> 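Take a look at the following structure, please.
The figures that follow rest on heavy atoms only: side chains count, while hydrogens, waters and symmetry mates do not. It should be emphasised that the depicted structure is a prediction, and the values quoted were computed from it without experimental measurement.
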Amino acid sequence: MLDDRSRTLLKTLIEHYIAEGTPVGSRALSRFSGLELSPATIRNVMADLEEAGFVASPHTSAGRIPTARGYRLFVDSLLTMRPLEQHQIVEIGDSLRPSHPQQLIANASQLLSQLTHFAGIVATPRRTTPKIRQIEFLSLSEKRILLILITSDGDVQNRILFTAQPYSPAELVEAANYLNQNFAGLDFSQIRTRVQEELQQLHQDMQALMTAALDASNEALAGDPQPCVISGERNLLDVEDLSSNMKRLRQLFDLFEQRSSLMGLLDQSHRAEGIQIFIGGESGLAPLDECSVITAPYEVDGQVVGSLGVIGPTRMAYERVIPIVDITAKLLSSALSTQTGK
């Protein structure tokens, strides 16, 4: 545990470093901390903080900069939050008016990016597996059949099947009746457990049509949206702390493109309560070693369905970014819940 003097000096150092981006020396700490301490005393405290791993000394300067451990202590117990002003909250709310869920999620990602000047990311809600309500076949030509799928939530999907042989209207009606009688009301995980066994009972011609129809149905209904939406990645090119290391920056952009590792990180936020902050190596992802990720879960009708956040450098204005992430999550939750209630 640090004493009050050490905590005050560490807080002053981190705030000054975040604002200025240069190592902080004893003179600046004496001027801005409000403590009446001699330069020798400040140097001794800084040496203790460095030994404890809260600050580090760059080779090129006598000043010190915070480490990931220093930032962690800062955000956990030293940070003075800066709540958003009412007009800012209203502007965010206006940008997240109830509309199509995918549009709302895209808007939230763009908002996070615009307000923080970093990368905004929103994990999309996991889509529930749709159930089939009705299947119809319509002959388009001798070997082209239109498959019409209607799901239990009213979604209609069309797919064209190219068959190896022609089917008569009577055969198409027979096939549709069979599928509707045997599979209506089931989702595809349930259908898969039954389909192979039941299709073997059909004669070969009809089995080919059924298999093609089910493959096309699965493809049509399993097309989930992107697992996450990212906006403002290019903002990170303007962050001096990141852009000076091109190798790390390329790794970071590869991470954005690949996304699955990011989804694992967002899943941790999904399962947690409230704001989560991953500083540097805490994310467990090497490309984020020089970044901080601030996330929050969002809800629909009181149930957590996804998470959103901001990715930026470890040297960020946490007191400003954290409230932006928090309010955006709350307003996205409200907009999505209002939309589902319509």
Side-chain angles (χ1 to χ4, degrees), residues 81-131 151-157 221-235 256 259 262-278 292-312 316-342:
M81 211 66 74
R82 200 169 79 199
L84 294 180
E85 295 180 10
Q86 187 58 37
H87 75 88
Q88 294 174 303
I89 297 174
V90 170
E91 288 173 5
I92 295 174
D94 287 343
S95 299
L96 294 175
R97 291 187 182 280
S99 63
H100 189 278
Q102 277 304 111
Q103 186 59 54
L104 274 171
I105 287 165
N107 289 351
S109 176
Q110 291 164 8
L111 264 177
L112 289 167
S113 171
Q114 292 165 5
L115 292 170
T116 64
H117 304 294
F118 300 137
I121 180 169
V122 183
T124 56
R126 286 183 173 82
R127 183 177 175 183
T128 56
T129 307
K131 293 180 171 61
T151 65
S152 56
D153 58 5
D155 185 29
V156 179
Q157 294 277 348
L221 299 181
D224 281 349
Q226 283 281 2
C228 61
V229 179
I230 305 175
S231 300
E233 305 99 308
R234 292 185 60 84
N235 289 339
F256 289 146
R259 299 188 185 213
L262 273 180
M263 285 303 300
L265 188 62
L266 288 171
D267 278 346
Q268 294 183 48
S269 173
H270 188 130
R271 295 190 297 270
E273 291 186 12
I275 295 286
Q276 300 291 304
I277 303 171
F278 304 89
S292 285
V293 184
I294 301 175
T295 67
Y298 65 91
E299 305 175 346
V300 174
D301 298 329
Q303 180 178 356
V304 173
V305 296
S307 53
L308 54 75
V310 166
I311 299 173
M316 69 165 65
Y318 294 93
E319 78 284 352
R320 187 178 68 87
V321 176
I322 291 171
I324 288 172
V325 172
D326 186 38
I327 290 294
T328 303
K330 288 180 169 64
L331 292 176
L332 178 60
S333 298
S334 176
L336 287 169
S337 298
T338 301
Q339 177 65 23
T340 59
K342 287 187 174 181

> Could you give the distance from CG (Leu104) to CZ (Arg97), rounded to the nearest 0.5 Å?
11.5 Å
> Would you say Val293 and Phe118 make side-chain contact, with heavy atoms under 4.5 Å?
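No; the side chains remain at least 4.5 Å from each other.
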> Give every donor-acceptor pair under 3.5 Å between a side-chain atom in residues 322-333 and any protein atom, sequence neighbours left out.
unit_1 : atom_1 : unit_2 : atom_2 : d
Asp326 : OD1    : Lys330 : NZ     : 2.6
Asp326 : OD2    : Lys330 : NZ     : 3.1
Thr328 : OG1    : Ile324 : O      : 2.7
Ser333 : OG     : Glu299 : N      : 2.8
Ser333 : OG     : Ala329 : O      : 2.8

> Let me confirm one number: the CG-CD distance from Asn235 to Gln114, rounded to the nearest 0.5 Å.
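One finds 9.0 Å between CG of Asn235 and CD of Gln114.
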> Is Val310 close to Ile121 at the side-chain level, that is, under 4.5 Å between some pair of heavy atoms?
no
> Would you please name every residue forming a salt bridge (charged side-chain N to carboxylate O under 4.0 Å, His left out) with Glu319, sequence neighbours left out?
Arg82
> So, does Ser109 use its side chain to make a donor-acceptor pair with the main chain of Val122 at under 3.5 Å?
no
> Looking at every non-hydrogen atom in both residues, tell me the closest pair between Ser95 and Leu111 and how far apart they are.
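That would be CB-CD1, 3.6 Å.
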> Going from OG1 on Thr295 to CD1 on Ile277, what distance comes out if it is rounded to the nearest 0.5 angstrom?
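Output value for this atom pair is 8.5 Å.
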> Determine whether Leu112 and Leu308 make a side-chain contact, defined as any pair of heavy atoms from C-beta on separated by less than 4.5 Å.
yes
> Could you tell me the separation between the NE2 atom of His87 and the CG atom of Asp94, rounded to the nearest 0.5 Å?
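So the NE2 of His87 and the CG of Asp94 are separated by 12.5 Å.
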> Any side-chain donor-acceptor pair under 3.5 Å between Ser231 and Ser113?
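Looking only at side-chain atoms, Ser113 and Ser231 do not form any donor-acceptor pair under 3.5 Å.
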> Dump the intermediate steps for side chain to side chain contact (heavy atoms under 4.5 Å, CB included) on Tyr298 and Ile105, then the final yes or no.
CA-CA 11 Å; Tyr298 65 91; Ile105 287 165; 3.9 Å; yes
> Quick one: does Met316's side chain get under 4.5 Å of Ser292's, heavy atoms only?
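Side-chain contact under 4.5 Å: yes.
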> Once salt bridge (charged side-chain N to carboxylate O under 4.0 Å, His left out) is applied, what residue pairs with a partner in residues 100-110 remain, sequence neighbours excluded?
none
> Do Arg259 and Ile230 touch side chain to side chain, with heavy atoms closer than 4.5 Å?
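They are in side-chain contact.
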> For the residue pair Leu266 and Ser307, establish whether any side-chain heavy-atom pair is separated by less than 4.5 Å.
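Leu266 reaches Ser307 side chain to side chain.
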> So do Ile92 and Leu84 actually touch side chain to side chain, heavy atoms under 4.5 Å?
yes
> Any donor and acceptor pair, going by atom type alone, linking the side chain of Gln268 with main-chain N or O of Leu265 inside 3.5 Å?
no
> Taking all heavy atoms of Ala123 and all of Met263, pick out the closest pair and write down the distance.
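Shortest heavy-atom separation between Ala123 and Met263 comes out as CB-CE, 4.0 Å.
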> Under the side chain to side chain contact (heavy atoms under 4.5 Å, CB included) criterion, do Ile294 and Phe278 qualify, and how do the steps go?
CA-CA 6 Å; Ile294 301 175; Phe278 304 89; over 6 Å; no
> Over all heavy atoms of both residues, which pair between Leu262 and Phe256 is shortest? Give the atoms and the distance, please.
CD1-CD2, 3.7 Å
> What closest approach, in Å, do Thr124 and Gln102 show between heavy atoms, and which atom pair accounts for it?
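Minimum heavy-atom contact is CG2-OE1, 4.0 Å.
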